Amino acid sequence: MTNKKLPKFRIYPSIGIARLGNGPATKEEVIFSPEIPWANLYETDQEYRTSDGAIKKQAQRFYIYECDANGVPIKPIDAKDYDIEWSVEVANKKPFWYDFNNCLDLSITSENQNLSPDFAKDKLAPGIGAKRRNPNVLNQSMRRDRGYDYRKELVNHPGITKVDKGNQRTIIQGEFPSGLGAISKLAASMNITSHSVDLGTIEYDEGTLIFYGADGVSAALNPSDLNNDFADNSNWYDDICDGRVTAKIVSKNDGETRLLDDTLSSAWIATAPPDYAPQIQPISTMYDLIAGAANETYESDLSLVFPIFYRLYRMQWVNLGDFLSPSFKETIDKLTAEGKFKYIYEKEPKAEADAVREEIFNLFRDPAYHYTNEPIIPSKEKTDITNRGSGKEALKLPYYPGDAIDYPGSPAQWFAIPPMLYEQLKNWRDGKFETPSDFDFQTIDEMGAFYQKQFLEANKEESKKPLLMTRAVLETLYGGGFHPGVELTWPMRHDLIYAENNMTFPWVSQGDFNYGFYGLREVRLNAATQIEQKDIFYNDFGFQMNSEDIRESMDPANEKNWLWKLPPGDLTKWMGIPWQSDAGSCQAVFIEKQYPIPSWWAANLPVHVLSSESYQKLLDPTILDDTKRNIYANRLAWLHTADTGFVGYHAEGGYINGLINMVYQWKKIGVVAGRKLDSDVEGLPKLVYVSHSAKESNG
């Protein structure tokens with residue numbers, strides 16, 4: 001545990017995620033952020049749209065827990081025993097921050113298990129300097145004495161918003177440009193008025209706090225300015241935000257007042273785009289990344305690698321490249337058909353089991369990047385359509401772009417699972433794991449259901465519940481290969497951003513056999529105090545931010561170390577603006593082969609889906625079985641579930657209309673959800689994941 005004095009009360013989850021939606025901000029019409037990892041995998045009756053077709057917001061509920069002397073949670077406090085006042089302070093700093101190129105830590109050797117040192121050593125993907133967004137908005141004090149800093153008005157910062165039993169619900173009222181509490185000088189200089197840009201809603205609910213994400217609004221101050229870039233559009237705003245969640249509790253027994261506002265007792269909330277496939281997890285999650293940042297060692301355990309397999313297998317529901325051949329799904333299905341799936345968890349007979357594990361291990365890309373001739377992902381500046389990178393080496397898993405997308409020919413154009421996960425994959429290959437004697441799984445879904453049960457069992461222990469909440473949230477977020485990503489990005493892979501990142505329980509579930517899953521962690525962000533915030537809230541690196549700035553900031557003694565102290569808005573400021581542009585750009589990536597079909601990470605932003613219309617035909621008793629198999633295999637481009645036009649890999653030309661349409665069509669695109677398929681047709685599963693768009697019924 002940390003050496004700091006540990007608080008008696010803490011807010012959980014320590015990091016929360018609320019997601020945007022155009023549905024109402026009411027308890028009855030939202031989806032709540034998961035509180036148990038894996039709990040929703042097999043749900044078949046969940047509706048992610050309202051009755052009129054709107055996308056439901058994802059709301060985050062926060063709790064206050066009493067903790068023991070070691071900071072381990074004991075039980076939630078009872079609102080009958082305390083007067084509770086919740087405070088939330090969020091901001092949107094995206095227009096104030098820098099353009100996105102690629103991750104600036106790629107030129108820096110740092111000691112964690114998330115990045116191969118080869119990135120910096122071999123210059124696989126040097127960080128690219130970034131200029132300010134809205135560069136024409138100036139800090140005039142740099143040019144004349146007492147000049148006005150117009151750039152501060154690029155931050156939408158509504159200040160602190162509070163709720164309690166007497167004032168139970170409040171909208172977080174923001175504006176852009178902000179005006180800093182007065183009439184906006186920036187807006188006046190543009191002959192416009194500031195726009196109301198609310199950043200969410202908070203609600204007191206029987207002692208807990210509910211944070212509702214905003215409405216997904218984005219626009220340009222000048223209506224004639226169109227979004228024409230995947231991440232950087234000056235003059236634009238959106239209603240993403242992040243910031244601190246604090247509380248004041250007063251005991252009704254003795255009148256003692258406690259403030260939960262320091263880094264170890266307060267929490268953080270960030271909002272993100274909708275999760276369009278909430279039951280499909282990224283193969284490498286933010287929780288994996290945070291565990292890797294801690295530089296700890298883990299006892300080899302089958303539960304450390306099985307989630308990678310299962311997540312990749314389930315990507316078939318959102319991505320054609322993971323559904324067809326070659327794919328991890330096909331490998332697992334072949335093993336299952338041959339009666340060899342058991343060698344995922346059994347080690348005897350040795351020769352046959354070793355061969356299966358070796359085959360699977362060799363499918364994955366080494367994060368040290370020893371490969372030089374995987375296909376090249378071209379840039380828009382290409383002058384030769386011949387792909388000189390295509391050679392004898394087959395494309396490794398996963399078939400997703402990585403950090404070096406800006407560098408055609410770099411092996412790191414392709415994503416590799418982080419070194420921590422790869423090391424455990426290597427241990428599994430070498431047989432360094434134990435298997436319970438009663439394991440007898442015939443399919444990967446049977447094994448997945450068993451591991452889901454371990455999380456459900458762990459949730460029966462009161463002290464584990466709040467840590468499971470944090471983990472459940474973090475497992476919904478992408479963990480690596482950021483460009484920049486649509487949620488939280490590369491600073492999250494460095495331990496500097498955490499005030500606390502410690503293992504509390506090494507085993508998620510314990511009994512006759514222990515299941516680790518990288519344990520349950522106490523994770524607290526390195527939040528700035530209110531005093532620190534006054535000094536650093538508007539800090540930046542001047543006209544351009546470079547890798548050298550990041551390198552210097554990692555030195556605790558350097559004045560640039562402020563980068564790792566977080567005021568509100570500092571997590572999401574790295575993301576693209578408007579959020580719809582990057583979200584719509586994360587689609588198929590075309591190379592000179594038909595198979596496999598690479599794509600951006602499809603877990604939250606699908607690429608190819610089973611449409612609701614196809615699902616209804618699979619239920620039609622008048623259609624032939626052979627035809628149903630063809631219908632099942634015919635996946636639809638996800639963006640075609642609404643009228644977005646073409647949106648694709650953002651280095652390709654000709655997709656601007658798609659970017660523009662995504663701003664308006666995002667609320668109509670399909671959300672993928674589990675549904676029962678009561679069919680006796682050979683080859684069709686009993687559970688399918690179906691895309692429901694606004695124009696289709698939720699049935």
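Just so we're clear, the structure is a prediction, and the values are computed from it rather than from any experiment. Basis for what follows: all heavy atoms, side chains included, without hydrogens, waters or symmetry-related copies.
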Lys NZ or Arg CZ of R151 over F96 ring: under 6.0 Å, within 45°: yes
Give me the atom names and distance for the closest heavy-atom approach of A214 to D239. CB-OD2, 3.3 Å
Just by distance, do the side chain of S585 and the backbone of S581 share a donor-acceptor pair under 3.5 Å? yes
Does a salt bridge link K329 with D322, judged by any charged N lying under 4.0 Å from a carboxylate O? no
Within the distance-only criterion (no hydrogens, no angle test), does the side chain of Q544 pair as donor or acceptor with the backbone N or O of G129 below 3.5 angstrom? no
Would you say CD of E613 has more than 12 non-hydrogen atoms from neighbouring residues, nucleotides or ligands within 6.0 angstrom? no
Keeping N134 on the side-chain end and P95 on the backbone end, is there a donor-acceptor pair under 3.5 Å? yes
Between Y276 and W638, does the ring pair (Phe, Tyr, Trp, His ring centres under 6.0 Å) criterion hold? Intermediate values first, please. CA-CA 10 Å; Y276 288 94; W638 172 62; 4.8 Å; yes
Going by atom types only, do D242 and W268 share a side-chain donor-acceptor pair under 3.5 Å? yes
Between R19 and E487, is there a salt bridge with N-O shorter than 4.0 Å? yes
Any chance you could lay out the side chain to side chain contact (heavy atoms under 4.5 Å, CB included) test for L474 and I290, step after step, and finish with the verdict? CA-CA 9 Å; L474 295 172; I290 291 173; 3.6 Å; yes
Can you name the nearest heavy-atom pair linking Y498 to A293, along with the distance? CE1-CB, 4.5 Å
Mind running ring pair (Phe, Tyr, Trp, His ring centres under 6.0 Å) on W600 and Y478 for me, showing each step along the way? CA-CA 11 Å; W600 291 94; Y478 295 113; 10.0 Å; no
Consider only side-chain N and O atoms of S33 and Q60, and report whether a donor and an acceptor are under 3.5 Å apart. yes
Checking the side chain of S178 only, and the main-chain atoms of E175 only, is there a donor and an acceptor separated by less than 3.5 Å? no
S184: partners by side chain to side chain contact (heavy atoms under 4.5 Å, CB included), with sequence neighbours left out: E153, P177, L186, A187, S194
Audit row: I192, L221, side chain to side chain contact (heavy atoms under 4.5 Å, CB included) steps and yes/no: CA-CA 8 Å; I192 62 172; L221 292 176; 3.9 Å; yes
Would you mind writing out the side-chain donor-acceptor pairs for residues 114-122 within the sub-3.5 Å range, not counting sequence neighbours?
residue: N114; atom: ND2; partner: L289; partner atom: O; Å: 2.9
residue: N114; atom: ND2; partner: R493; partner atom: O; Å: 3.0
residue: S116; atom: OG; partner: D118; partner atom: N; Å: 3.1
residue: S116; atom: OG; partner: P367; partner atom: O; Å: 3.3

For N319 and S599, which heavy atoms make the closest approach, and how far apart are they? OD1-OG, 3.1 Å
Checking R133 against Y98: charged group under 6.0 Å from the ring centre and within 45 degrees of the axis? no
The test is side chain to side chain contact (heavy atoms under 4.5 Å, CB included); show your working for L124 and Y407 and say whether it passes. CA-CA 8 Å; L124 293 177; Y407 293 97; over 6 Å; no
Are the side chain of N604 and the backbone of T476 linked by a donor-acceptor contact shorter than 3.5 Å? yes
Minimum heavy-atom separation for T50 and G23, please, with both atom names. CG2-CA, 4.4 Å
In chain order, what residues pass the side-chain hydrogen bond (donor to acceptor under 3.5 Å, both in side chains) check against R244, with sequence neighbours excluded? E89, Q533
With no hydrogens and no angle check, do the side chains of N235 and D225 hold a donor and an acceptor under 3.5 Å apart? yes
Establish, yes or no, whether a centroid distance under 6.0 Å links the rings of W490 and F482. no
Please check: side-chain N/O of Y48 versus main-chain N/O of H692, any donor-acceptor pairing under 3.5 Å? no
Please report the shortest heavy-atom distance between L199 and C241, naming the atom on each side. O-SG, 3.5 Å
Check K560 with D549, please: is the shortest side-chain N to carboxylate O separation under 4.0 Å? yes
Note, L397 side chain near I417 side chain (heavy atom, < 4.5 Å): no
Are a donor atom and an acceptor atom from the side chains of S218 and Q580 found within less than 3.5 Å of each other? yes
Any donor-acceptor pair under 3.5 Å from N156 side chain to V197 backbone: yes
Taking the six-membered ring for Trp, is the centroid-to-centroid distance between H195 and Y237 below 6.0 Å? yes
Hey, does the side chain of D99 reach the backbone of D232 with a donor-acceptor pair shorter than 3.5 angstrom? no
Tell me whether D105 contacts the main-chain N or O of S107 through its side chain, where contact means a donor paired with an acceptor under 3.5 Å. no
Residues N233 and P578: closest non-hydrogen pair is ND2-CD, 3.6 Å
Do side-chain atoms of K57 reach the backbone of G21 as a donor and acceptor pair under 3.5 angstrom? yes
After noting the C-alpha distance and the side-chain angles of V607 and L320, does the key distance pass the side chain to side chain contact (heavy atoms under 4.5 Å, CB included) rule? CA-CA 7 Å; V607 179; L320 208 56; over 6 Å; no
Quick check with a 6.0 Å cut-off and a 45 degree axis cone: is R365 positioned over the face of F415's six-membered ring? no
Going by distance alone, is a donor N or O of one side chain under 3.5 Å from an acceptor N or O of the other, for S553 and W564? yes
If you measure from CG on L312 to CD1 on I283, what distance do you get to the nearest 0.5 Å? 5.5 Å
Between W236 and F176, is the gap from one ring center to the other below 6.0 Å? no
